[in-house]
J.: 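So that we are looking at the same thing, I have put the structure below in structure tokens.
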Amino acid sequence: SKLKLGLTKTRKGITEKIDSLMKSYVKVDEEFLEELEEILIVSDVGMNTTMKIIERLREEIKTNKISDIEEVKSVLKRILEDLLTTTKENTLDISPSPAIIVVIGVNGVGKTTSIGKLAYNLKRSGKKVMMVAGDTFRAAAIDQLKVWGERTGVNVIHQQEGSDPAAIIYDAIQSAKAKKTDVLICDTAGRLHNKKNLMNELGKVFKIIEREYPEARKEILLVLDATTGQNAIQQAKTFKEVADITGITLTKLDGTAKGGVVLGITSELDIPVKFIGVGEGVGDLQPFNPKDFVEALLS
Ligand code: GDP
């Protein structure tokens, strides 16, 4: 499947190692668990999350007197699936219309690309979509969003570089209302040099949305780059302090063996991953589903 293909490098890291570990043991014992622990740690699952997984596995093995390796694998799958499932849905909450999706994240993580792909997907599903170039600090970000607008046939509201992000989002909301748009997707600036700045900038945007578009369902999507591994978790913690993030988009999973970071993100932050990026093309943003992900990882 396309998901398996996108996870090729991660699968090489985790799947192959776990497979060969399972082949080299007939029965599970403490040594097996230690080796598994090491595999998870080097696969960027993260220390805390790895400990959590191993603890649960040890417990289940003990309580249910499991020794068969195949059985251990299915228990492991269940534990991972459970970790990837938060108390919140993995799907976007954008119906009924109107809805607004504010996309946040550090520069370079794939924010603009993800917005373009998301616009494309939503348009294909029959929604009337509009994008707004709210990252006014970089001329390149505005131009890039315009290119995605042309590519997807989705209208892009923009002003020149240096204009006030809150003002342009105000304009976009009026336009979205006038045109009866189903989903307005907002790009935002991703300068993370200090938390106070970020809080001020995003705060203004959220305030405008609250005042001008209270009827809209609101999603705040944080974009993280999987290739940065544990750094992505750190970024997520910082953004969580300044915004009520409703979901995560994890990009560039195709380019890294660090796909295990998905487990760390969900278990440490309790924010659902809603999309994963597995390539640069317009069709390469996939809805995230815990079961499918674990199946692709440990099949
Ligand atoms: P922004 O600065 O956060 O808006 O980042 P961009 O959207 O400009 O993306 C930065 C680079 O990452 C671009 O070259 C994108 O094509 C690339 N990119 C984004 N998402 C993915 C993905 O899922 N897979 C791969 N391989 N590349 C991606």
Side-chain angles (χ1 to χ4, degrees), residues 1-13 44 101-122 129 131-152 154 156-158 161 165 168-169 185-193 197-198 201-202 205 219-229 231-232 234-236 238-239 242-243 245 247-262 265 273-289 292-293 296-297:
S1 70
K2 195 162 186 187
L3 178 58
K4 264 192 180 171
L5 212 60
L7 292 174
T8 301
K9 289 188 183 168
T10 295
R11 281 166 53 79
K12 271 212 175 330
D44 258 74
I101 303 174
V102 183
V103 184
I104 61 178
V106 171
N107 291 339
V109 293
K111 199 152 32 96
T112 318
T113 307
S114 298
I115 291 172
K117 292 170 176 174
L118 185 58
Y120 171 80
N121 285 351
L122 291 173
V129 188
M131 299 189 272
V132 48
D135 181 356
T136 56
F137 292 96
R138 294 183 304 158
I142 302 170
D143 290 341
Q144 211 188 332
L145 206 64
K146 287 202 279 199
V147 170
W148 275 105
E150 281 156 25
R151 200 177 284 162
T152 55
V154 169
V156 179
I157 306 289
H158 58 85
E161 184 186 1
I168 181 172
I169 285 177
I185 312 176
C186 309
D187 195 4
T188 60
R191 304 179 308 161
L192 194 63
H193 37 234
N197 254 339
L198 187 73
E201 279 166 18
L202 290 178
V205 168
E219 283 271 355
I220 301 175
L221 280 186
L222 172 65
V223 182
L224 298 171
D225 176 346
T227 65
T228 64
N231 252 337
Q234 211 37 60
Q235 275 172 26
T238 306
F239 274 96
V242 301
I245 306 163
I248 284 166
T249 295
L250 192 65
T251 63
K252 309 185 198 179
L253 266 170
D254 53 308
T256 181
K258 300 181 176 180
V261 75
V262 184
I265 289 171
V273 173
K274 295 200 171 175
F275 296 99
I276 53 177
V278 291
E280 295 185 274
V282 72
D284 293 328
L285 187 76
Q286 301 203 343
F288 180 79
N289 173 289
D292 295 346
F293 186 81
L297 209 60

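Order of appearance sets the numbers: ligands from 1, and atoms from 1 within every ligand.
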J.: Work out which heavy atom in L118 is nearest to a heavy atom in L221; give both atom names and the distance.
T.: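 Residues L118 and L221, closest heavy atoms: CD2-CD1, 4.0 Å.
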
J.: Provide the closest heavy-atom pair for T136 versus I142 in the form atom of the first, atom of the second, distance.
T.: CA-CD1, 4.2 Å

J.: Starting from atom 7 (O) of ligand 1, what is the nearest protein heavy atom, named by residue and atom, and what distance separates them?
T.: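 For this ligand atom, the closest protein heavy atom is T113 OG1, 2.5 Å.
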
J.: Check each of T112, V223, I276, D254 against atom 25 (C) of ligand 1 and report the one with the nearest heavy atom.
T.: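 Among T112, V223, I276, D254, the closest heavy atom to atom 25 (C) of ligand 1 comes from D254.
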
J.: Return the closest protein heavy atom for atom 5 (O) of ligand 1 as residue, atom name and distance.
T.: G110 N, 3.1 Å

J.: Run the side-chain contact (heavy atoms from CB on, under 4.5 Å) check on V102 and I169 step by step: do they pass?
T.: CA-CA 10 Å; V102 183; I169 285 177; over 6 Å; no

J.: Under a 4.0 angstrom heavy-atom cut-off, which atoms of ligand 1 come close to N107?
T.: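 By the 4.0 Å cutoff, the relevant atoms are 2 (O).
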
J.: Pick whichever of R138, Q286, K252, K111 has a heavy atom sitting closest to atom 21 (C) of ligand 1.
T.: K252

J.: Would you call D284 and K117 a salt bridge, using N to O less than 4.0 angstrom?
T.: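 So D284 does not pair with K117 through a salt bridge.
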
J.: Using heavy atoms and a 4.0 Å limit, tell me yes or no: is G279 in contact with ligand 1?
T.: yes

J.: Atom 16 (O) of ligand 1: which protein heavy atom is closest, and how many Å away?
T.: E280 OE2, 2.5 Å

J.: Checking side chain to side chain donor-acceptor pair (under 3.5 Å) against K252, which of D225, T227, T228 comes through?
T.: D225

J.: Counting non-hydrogen protein atoms only, what is the nearest one to atom 8 (O) of ligand 1? Give residue, atom name and distance.
T.: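 Residue, atom and distance for the closest contact: Q144 NE2, 3.0 Å.
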
J.: Could you tell me, atom by atom, which parts of ligand 1 come under 4.0 Å of a heavy atom of V278?
T.: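 Atoms satisfying the 4.0 Å criterion: 23 (O).
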
J.: Let's go through Y120 and V154 carefully: what are the C-alpha distance in whole Å and the side-chain angles of both, what is the deciding distance for side-chain contact (heavy atoms from CB on, under 4.5 Å) to 0.1 Å, and is it a yes or a no?
T.: CA-CA 8 Å; Y120 171 80; V154 169; over 6 Å; no

J.: What is the minimum heavy-atom distance between F275 and P287, and which atoms define it?
T.: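 Distance-wise, the nearest heavy atoms are CD2-CA, 3.8 Å.
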
J.: Which of the atoms of ligand 1 are close to G277, meaning less than 4.0 Å from one of its heavy atoms?
T.: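 Selected atoms, number and element: 23 (O).
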
J.: T251 and K111: side-chain contact (heavy atoms from CB on, under 4.5 Å), yes or no, with the steps?
T.: CA-CA 9 Å; T251 63; K111 199 152 32 96; over 6 Å; no

J.: Measure the distances from the heavy atoms of V109 to every atom of ligand 1 and state whether one is below 4.0 angstrom.
T.: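 Distance cut 4.0 Å: V109 passes for ligand 1.
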
J.: Give the residue and atom name of whichever protein heavy atom lies nearest to atom 2 (O) of ligand 1, and the separation in Å to one decimal.
T.: G108 N, 2.7 Å

